[in-house]
2 protein chains.
Amino acid sequence: MDPHAPEDRPATRMPTMRDVAQRAGVSRQLVSLVLRGGPGPSLESRNRVLAAAAELGFRPNASARLLRQSRTRLIGMMFTALNSFEVRVAERLLERAADIGFGVALGPITDRRTTEIVIRELLEQRVEALACFNPDPGSPALRQALGLMPVVWLGERSAEPRADVVRTDDDAGLAILVDHLVALGHRDIAFAGGLGGTVGPDRAATYRAAMTSRGLADRIDQVLVGFGEEDGATAARVLMARVRLPTAVIGCSDHCGAGLVATFARAGISVPGTVSVTGYDDSDIATLSYNDLTAIRQDVDLTVDATLDGIQRRLSNPASSPREVATQATLSIRSSTARARTNA
Amino acid sequence: MDPHAPEDRPATRMPTMRDVAQRAGVSRQLVSLVLRGGPGPSLESRNRVLAAAAELGFRPNASARLLRQSRTRLIGMMFTALNSFEVRVAERLLERAADIGFGVALGPITDRRTTEIVIRELLEQRVEALACFNPDPGSPALRQALGLMPVVWLGERSAEPRADVVRTDDDAGLAILVDHLVALGHRDIAFAGGLGGTVGPDRAATYRAAMTSRGLADRIDQVLVGFGEEDGATAARVLMARVRLPTAVIGCSDHCGAGLVATFARAGISVPGTVSVTGYDDSDIATLSYNDLTAIRQDVDLTVDATLDGIQRRLSNPASSPREVATQATLSIRSSTARARTNA
DNA sequence: CCTAGGGCTTAGCACGTGCCAATCGATTGT
DNA sequence: ACAATCGATTGGCACGTGCTAAGCCCTAGG
């Protein structure tokens with residue numbers, strides 16, 4: 001037996017263009033030409049090459065191709081695997097990028113994989129652009145990337161002048177949400193949220209602004225929690241502990257809204273009979289029949305479109321100055337909101 | 001001093017080893033040697049090279065490295081981005097693989113990205129092994145992969161003799177779950193599930209077997225639904241439409257269990273007062289305070305360990321025959337289960 | 001002064017593919 | 001019949017890195 005590691009000899013080797021060429025009885029270059037769909041090869045050659053490739057199960061070596069071409073046509077995507085909105089954007093970006101001939105290198109953030117590590121990996125893959133959800137602004141790799149390629153900052157405001165920013169227009173979103181509730185007769189409209197990154201405080205401030213501009217400044221009622229289900233549950237308990245419930249509660253996310261609804265339900269408080277509840281994101285969780293949350297829709301398609309547009313614009317014209325895009329928020333009205341109870 | 005002033009160069013291109021070598025005043029090969037940490041370079045050279053690399057922000061080109069080396073040390077991971085258990089396994093695999101010097105190429109399944117497309121992409125990246133959640137057995141690319149490299153089939157049973165299989169031991173899991181409920185005095189134990197892939201029918205069959213072996217064959221009560229929240233909600237409505245509710249309902253997944261709980265709650269049916277409900281997976285959704293589901297834990301770490309073990313074993317010995325590993329399921333008892341109501 | 005030897009460094013090939021330029025073979029125009 | 005043309009095919013270099021073998025310089029020994 002060979003005492004040396006048998007690992008460096010794979011059981012079977014993946015076929016290369018050379019193997020295909022040999023089997024088809026043509027040159028390696030012709031194989032390349034045929035597989036790229038270029039003009040020139042005769043029908044006869046084309047068929048023989050395609051047949052040989054199919055029989056051998058040839059798959060082009062992505063590393064070799066990327067190395068040879070000056071362009072990798074890869075977009076790096078950094079996101080949190082736990083956040084459903086981010087995952088949906090990543091999925092959609094994968095599909096839409098393929099339509100314009102781009103691949104996507106996924107870089108999920110975890111406890112052990114920081115912004116720095118993820119972006120470093122993506123740079124080593126020679127991505128041509130980056131899309132990052134809420135990155136750590138202090139990461140050296142990110143700073144380097146900002147000077148090298150288009151970077152799209154997703155999700156929250158940023159003071160970074162070299163990055164495109166794509167975020168949902170929270171101002172308009174919360175405004176139409178408050179208007180919707182006011183139209184239903186609500187005045188005691190509480191807000192559950194305010195914690196978390198830049199977005200949390202932003203949304204809370206926007207809530208206060210929307211209330212104030214509608215003459216409801218004295219009804220502002222904010223329960224400081226974060227974005228998760230458990231945060232919503234906490235907020236619900238805080239509100240239930242009071243003498244009087246508000247007639248409506250705006251959850252800072254769908255998860256938060258679901259936590260509010262579930263906790264109210266288990267306490268026997270009817271939604272929307274006693275309290276109207278809203279979410280924010282319009283994700284799958286909002287559409288579940290037992291939540292059925294009225295929610296601000298953060299449009300995945302609009303976000304992905306704006307991201308790709310920004311990347312393409314700055315790839316074709318590197319001198320183009322970065323932009324901030326606030327995608328329009330729309331309102332999905334469902335059964336978790338209804339007319340305010342009269343005897344508040 | 002250096003006649004060039006490369007600090008403010010336009011930085012349009014990522015630096016290569018050649019650039020680093022030029023800046024450090026050494027050859028490209030020496031740069032390679034230093035960055036690989038190989039023996040030979042003097043301390044002086046080492047420092048100069050490292051300094052130059054840092055100043056230029058050098059990142060090795062992953063494509064070039066992978067192309068040159070016979071081994072890519074990459075594991076391909078196919079999963080559904082919507083399924084939290086699968087995402088958690090993928091995340092954990094990413095971290096654990098890094099510990100043993102392997103990278104992970106992520107291949108998320110979506111509506112437009114089938115098993116075939118995803119595995120083809122992974123093969124083009126020259127992954128050395130595949131881990132696939134519930135793949136389509138008919139995919140040609142998958143069949144090719146099975147003959148070329150270690151493939152770990154995750155999540156469900158498989159008739160494929162060339163693949164390792166890693167799945168949770170549903171038999172034992174449902175057995176201890178039924179035992180738990182029986183110990184609480186339940187006899188009318190319904191099951192919501194049975195649809196979806198191989199796992200769905202499997203779990204349903206296991207439920208029936210567990211009930212039968214405990215002398216409860218006449219109490220078997222299965223509501224045929226799938227794994228999602230909405231499926232749980234549907235099952236709850238079906239059960240509520242009956243004359244008499246069971247005293248316990250086993251949801252085939254945490255999502256299903258959450259749908260059951262929420263729908264019961266909104267209908268004013270107390271959980272666990274009137275009906276005990278369980279989940280399956282012990283994911284984040286089970287731990288939410290308003291669900292607090294008793295659930296079978298599918299252990300992420302055990303799954304990832306078994307996957308990596310199988311891959312390493314078959315990489316070091318390709319002749320090694322595939323194995324099936326059923327990771328042990330454990331029970332997380334929470335407040336969604338309690339003693340059966342007496343006046344059923 | 002010459003040679004042997006050891007510590008550092010570099011020359012050169014290879015990986016698989018894309019693409020430009022060159023070559024081949026056959027047909028057409030005069 | 002000969003050159004020109006054109007379609008089909010191939011030669012050859014390049015991408016950035018890893019690795020083996022060869023080269024350089026300097027000191028010690030004769």
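In the text below, chain A, chain B and the rest are named by the order of the sequence lines, each starting its count at 1. Please read all numbers here as calculations on a predicted model, not as lab measurements.
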Worksheet item: Is there a side-chain contact between R96(A) and T307(A), using heavy atoms and a 4.5 Å cut-off?
Response: no
Salt bridge (Lys or Arg N to Asp or Glu O under 4.0 Å) against [X], all qualifying residues, sequence neighbours excluded:
X: D136(A); value: none
X: R120(A); value: E116(A)
X: R162(A); value: E160(A)

Discussion item. According to salt bridge (Lys or Arg N to Asp or Glu O under 4.0 Å), does anything in residues 55-64 of chain A pair up with another residue at least two apart or in another chain? List the pairs.
Written reply: R23(A)-E55(A)
Worksheet entry | Separation of atom CG in L67(A) from atom P in dA14(D), rounded to whole Å | 14 Å
Worksheet entry | Whole-Å distance separating the CG atom of L66(A) from the P atom of dT17(D) | 14 Å
Worksheet item: If we fit an axis to the first five pairs and another to the last five of the helix from dC1(C)-dG30(D) to dT30(C)-dA1(D), what angle do they make, to the nearest 10°?
Response: 70°
Worksheet item: Is the closest basic N to carboxylate O distance between R88(B) and E91(B) below 4.0 Å?
Response: no
Worksheet item: Quick one: does Q29(B) reach the base of dG18(D) with a side-chain donor-acceptor pair under 3.5 Å?
Response: no
Discussion item. Need two values: the first and the last nucleotide of DNA chain C, 5' to 3', having an atom under 4.0 Å from any heavy-atom of chain B.
Written reply: dC8(C) to dG16(C)
Worksheet item: Using a cut-off of 4.0 Å on non-hydrogen atoms, how would the nucleic acid contact of S63(A) be classed: base, sugar-phosphate, or nothing?
Response: nothing
